There are 2 protein chains.
Amino acid sequence: MAQVDTVTRILDAAEELFAEHGFAETSLRTITARADVNLAAVNYHFGSKKALIQAVFARFLTPFYKMVETSLDVHEKNHPDTILSIEDILKFVARAMASVTEGDRSRLAIFMRLLGLAYNQGQGHLRKYLQTEYRSLFRRVMALIAKATPDLQPVERFWRFHFMLGSAAFTLSSMENLRAIVEHDFDTKCTEEEVVGYLLPFLAAGIRAK
Amino acid sequence: MAQVDTVTRILDAAEELFAEHGFAETSLRTITARADVNLAAVNYHFGSKKALIQAVFARFLTPFYKMVETSLDVHEKNHPDTILSIEDILKFVARAMASVTEGDRSRLAIFMRLLGLAYNQGQGHLRKYLQTEYRSLFRRVMALIAKATPDLQPVERFWRFHFMLGSAAFTLSSMENLRAIVEHDFDTKCTEEEVVGYLLPFLAAGIRAK
DNA sequence: TTTTGAGTTAAACGTATGTTTCAAACAGTT
DNA sequence: AACTGTTTGAAACATACGTTTAACTCAAAA
């Protein structure tokens, strides 16, 4: 091993570039150039560009997944039969995201962008991958949300959940551009924590509307 | 002119395909094949693929823009010095969208997808185009929202506005996939109008949270 | 020392893309 | 009917892409 593993150098470069320019717009040659790695290395280590995208995704999602699972487990052990509020659920998720992306803000953007693509990409090989790979966590969170919003019809709850998802995905994936606009228009800087602090009450109020 | 103008045949095909597969993933050959038009026609009539994307965008946005402007003008003439509620503002926008995309649901998706790209595309030639071209409407709507939410700090209002934008952009651009999921998981069909009917209260509750 | 096998490298392959070219077809005018 | 400017058509162009190949490196095992 040279200085840093070739595989992680590729993942790091891909993560940055995907978040910056999107997936189709980022070529393997750009990635391998930034990673200071031979072009063939991607296909050697990952098999294909598609697989690389999934690997970038997985490197974020797997620890996030475990983080949420275990913190929910701990909470349920300490406070059994408690019904979590929407705010609490969102805080669990937000805390897991923060701890996973700690020190590397672009990782959140890339994940959220991928989430957005996963949903509105017509073919959607990403959404299927996501759904099959992380189905259990998804179901668990959905069940918690259902308990927190008992007087909501299932279909409307489904939609409101995706309204929340959309808000988060859009905002967090455009975070850098939006922060730049704020700085230009209001002469103020916003930390990511502040933005999340704005976001969660918005989402909570939205899902329990009326 | 043959049956339908070549230019509009190209725009129609491009609109559908962009909404279905995204921009980078849709080739000029696919577009011209569906439009039943020669490959060179795009570059002859529009100059480049980039210009075609902007043209597709403009064909939607310009009538939408005028629709909102005139309906706001009419309302202000008939009810001067009235403060519109968030719900009213959203209804104005939604009604303009519905009337512009009437009979052609994919046009909304493509616009929303473009909006998303415009924001999280790093370089963002789209966002600049959008901002310079439709700045006045944007400012006007923002001013109305400000009047409807007088006790909100400007910065937080900015963020909440973009939370709304994100919700709408994500949901409407993924509308088809989400509707398919609903049909699969709940054995129910949702019309677009129903989804918008779910969306607006969510957004309104979100922006006036706390 | 020799062998092995994973990792790297430079080069090439095949294909798909956006764009350009230039001749042919067309429509409208004189 | 002849001319003119605009639009179409088939083909080619140049380039960029993801992927594959085959020779090479080099440390660890035999």
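Keep in mind it's a predicted model, so treat the numbers as computed, not measured. Residue numbering restarts at 1 for every chain, and letters A, B, ... go by the order of the sequence lines. Reckoned from all heavy atoms, side chains included, excluding hydrogens, waters and symmetry mates.
Within the structure, every side-chain polar atom (N or O) of His45(B) is placed at least 4.0 Å from both OP1 and OP2 of dT6(D). For dG18(D), the OP1/OP2 oxygens have no side-chain nitrogen or oxygen of Asn43(A) closer than 4.0 Å. Within the structure, every side-chain polar atom (N or O) of Ser27(B) is placed at least 4.0 Å from both OP1 and OP2 of dA16(C). Taking only side-chain nitrogens and oxygens, Ser48(A) never comes nearer than 4.0 Å to OP1 or OP2 of dG18(D).
Residues Thr149(A) and Arg208(A) have side chains that never bring a donor and an acceptor to within less than 3.5 angstrom of each other. Side chains of Thr6(A) and Tyr44(A): a donor-acceptor N/O pair is absent below 3.5 angstrom, by distance only.
Positionally, the nearest nucleotide of DNA chain C for Asn38(A) lies more toward the 5' end than for the other of Arg29(A) and Asn38(A). When each of Thr6(B) and Ala24(A) is assigned the nucleotide of DNA chain D with its nearest heavy atom, Thr6(B) is the one assigned upstream, toward the 5' end.
Within the 4.0 angstrom heavy-atom criterion, base atoms lie near Ala40(A). Within the 4.0 angstrom heavy-atom criterion, only backbone atoms of the sugar-phosphate kind lie near Thr26(A); the bases stay farther away.
Taking atom CZ of Phe46(A) as the reference point, atom P of dT19(D) lies 13 Å away to the nearest angstrom. Rounded to whole angstrom, the span from the CG atom of Leu39(B) across to the P atom of dT19(C) amounts to 10 Å. The nearest whole Å value for the distance from the CD1 atom in Ile10(B) to the P atom in dG9(D) is 11 Å. The separation between His21(B) atom NE2 and dT17(C) atom P is 12 Å, rounded to whole Å. Residue Ile53(A) contributes atom CD1, which lies 14 Å from atom P of dC17(D) at whole-angstrom precision. Across the protein-nucleic acid pair, Lys49(A) atom NZ and dT19(D) atom P stand 8 Å apart, rounded to whole Å. Atom CZ of Phe23(B) is separated from atom P of dT17(C) by 17 Å (rounded to the nearest Å). Between the CG atom of Leu28(B) and the C1' atom of dA10(D) there is a distance of 17 Å, rounded to whole Å.
Within a 6.0 Å sphere centred on CD of Glu76(A), other residues, nucleotides and ligands contribute more than 12 heavy atoms.
In this pair, Phe170(A) and His162(B) present their aromatic rings parallel. The plane angle is below 30°, not in the 30 to 60° band.
The side-chain heavy atoms of Phe60(A) and Ile110(A), taken from C-beta on, include no pair separated by under 4.5 Å.
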